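Index from 1, following the sequence. Every value quoted in this text rests on a predicted model; they were computed, and no experiment measured them.
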Amino acid sequence: MLALLRLPFIPTIPANAKWAQNGVTIARSNGIWDATSQLNQPMGLFVDDDQTVVIVDEGNNRIMQWEKGDTSGQVVAGGNGSGNRPDQLYDPSDVLIDKETDSLIIAAGRRVVRWSRRSGTTQGEILTNKIDCWGLAMDDQRYLYVSDYKKHEVRRYQLGEKNGTLVAGGNGKGDGLNQLNSPRYLFVDLQQNVYASDFNNHRVMKWNKGTNEGIIVAGGQGSGNAPTQFEYPGGLFVDTFGTLYVADTLNHRVMCWPKRAKQGTVIVGGNGQGAGANQLYNPVGLSFDRHGNLYVADKYNNRVQRFSLE
């Protein structure tokens, strides 16, 4: 059981759960995009057990942290301009917390970086490079999973390992069951099954551990806004019942797909592109806290929204 404490708590969300349709902004931009209280195109995010939210502030090439109740954030990695120096990040896209080492693991451009959360840390450590990384996940054995959106594959790494083991895709760009097309965000369950948002195929794939082909678990019906479709899926999350939650980026909504469902349900957004409390504008990252509240990185509104479980 101790190993499970390294990971965020996965909430048990009731099958008939509903969320407030008006989100509460917990982090945003007011136009001064490099100030510590601001965001510029947030991407991936990670919610810790105490409702601390760690956010990829992609436009500012840094990672921001908002603790519960904060009115301004704190720069916890990067923030020294775009670049490949040890104290810089370049186009970061995803982040997670490794509690074992109290550090952040960050996908940034062509490298994966570990950055200690200890006060006074000014630079990161390269875990692997020469990879066009996008999404990250970690299982309860502390294996790290990284999506490569140019090689159309997902690899699993022991921390410190450079090459990794192929666990999904790797058969060229395509829409076959053994292929991916620009995989983005990842989720790994307790059985080490891998879920990937298969961005250009407008679907979410599940690769059971040790298999050579994936299963389409959501989408896969072309690009569109029907309940069976996505328009470029982004961040994803799977609860203890196997229900899948997906940021449907260009449809400006978050969808819920129960296990083995043939179509999804809109749970927040879906009211057109906009900045209203019930709207989203290119949602990307998503996560839940231990109470079942939903957090969404609302990219082009430069904010993170929290939708409370009712």
Side-chain angles (χ1 to χ4, degrees), residues 1-21 23 44-51 53 96-97 135-141 143 145 154 167-168 183-198 202-211 213-221 226-230 233-248 251 253-270 283 285-297 305-310:
M1 292 298 293
L2 289 178
L4 299 183
L5 297 177
R6 299 166 180 158
L7 296 175
F9 181 83
I10 299 176
T12 299
I13 298 173
N16 60 350
K18 294 186 182 300
W19 286 264
Q21 293 303 291
L45 54 78
F46 189 99
V47 182
D48 206 355
D49 293 342
D50 60 1
Q51 294 180 299
V53 185
L96 57 81
I97 297 174
L136 301 171
M138 184 177 281
D139 67 24
D140 64 347
Q141 303 300 310
Y143 284 98
Y145 298 73
V154 180
V167 294
R184 299 295 174 95
Y185 291 93
L186 304 174
F187 187 92
V188 179
D189 65 20
L190 295 178
Q191 290 72 47
Q192 297 182 327
N193 304 316
V194 178
Y195 296 77
S197 52
D198 194 9
H202 310 288
R203 66 188 186 183
V204 174
M205 298 293 290
K206 178 183 179 183
W207 293 67
N208 290 318
K209 183 180 179 181
T211 57
E213 288 190 346
I215 303 164
I216 301 171
V217 291
Q221 303 296 317
T228 57
Q229 295 177 304
F230 295 118
L236 67 168
F237 192 95
V238 181
D239 70 15
T240 53
F241 291 124
T243 301
L244 172 68
Y245 303 86
V246 186
D248 188 8
N251 282 322
R253 64 190 185 183
V254 176
M255 298 193 74
C256 163
W257 292 67
K259 195 172 183 178
R260 290 186 285 274
K262 299 299 183 185
Q263 65 181 41
T265 303
V266 178
I267 58 171
V268 299
L286 63 79
S287 192
F288 289 86
D289 65 23
R290 61 168 50 248
H291 306 291
N293 302 312
L294 170 64
Y295 297 72
V296 182
Q305 297 287 89
R306 182 180 66 231
F307 296 88
S308 298
L309 180 65
E310 294 185 330

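When ring centroids are compared, Trp207 and Tyr145 stay outside the 6.0 Å threshold.
The CE atom of Met255 sits 10.0 Å away from the CG atom of Leu244 when rounded to the nearest 0.5 Å. A distance of 6.0 Å separates CZ of Phe46 from CG of Leu96, quoted to the nearest 0.5 Å. Distance check: His202 NE2 to Asn251 CG gives 10.0 Å after rounding to the nearest 0.5 Å. Rounding to the nearest 0.5 Å gives a distance of 8.0 Å between OG1 of Thr211 and CG of Asn193.
Scanning both residues, Gly292 and Leu309, for their nearest heavy atoms gives O-CB, 3.6 Å. For Gly135 against Leu186, the heavy-atom pair with the smallest separation is O-CD1, 3.7 Å. Pro233 and Arg203 get closest at one heavy-atom pair: CG-O, 3.6 Å. Scanning all heavy atoms of the two residues, the minimum distance from Leu286 to Val246 falls at CD2-C, 3.6 Å.
Counting heavy atoms from C-beta outward, Ile267 and Tyr245 have side chains that approach closer than 4.5 Å. Looking at heavy atoms from C-beta onward, Asn293 lies in side-chain contact with Gln51 at the 4.5 angstrom threshold. Using a 4.5 Å heavy-atom threshold, the side chains of Asp189 and Tyr195 count as touching. The closest side-chain heavy-atom distance from Asp239 to Phe288 is not below 4.5 Å.
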Practice task
Could you give me the CA-CA distance, side-chain angles and deciding distance for Phe230 and Val204, then say whether side-chain contact (heavy atoms from CB on, under 4.5 Å) is met?
Solution key: CA-CA 9 Å; Phe230 295 118; Val204 174; 4.1 Å; yes
Exercise for the section: Would you sort out whether Val268 and Arg253 count as a side-chain contact (heavy atoms from CB on, under 4.5 Å), showing the intermediate values? Expected result: CA-CA 6 Å; Val268 299; Arg253 64 190 185 183; over 6 Å; no
Problem - Chi angles and distances behind the side-chain contact (heavy atoms from CB on, under 4.5 Å) call for Gln221, Gln263 - result: CA-CA 10 Å; Gln221 303 296 317; Gln263 65 181 41; over 6 Å; no
Exercise for the section: Before giving the answer on side-chain contact (heavy atoms from CB on, under 4.5 Å), spell out for Ile13 and Trp19 the whole-Å C-alpha distance, their side-chain angles and the decisive distance to 0.1 Å. Expected result: CA-CA 11 Å; Ile13 298 173; Trp19 286 264; 3.7 Å; yes
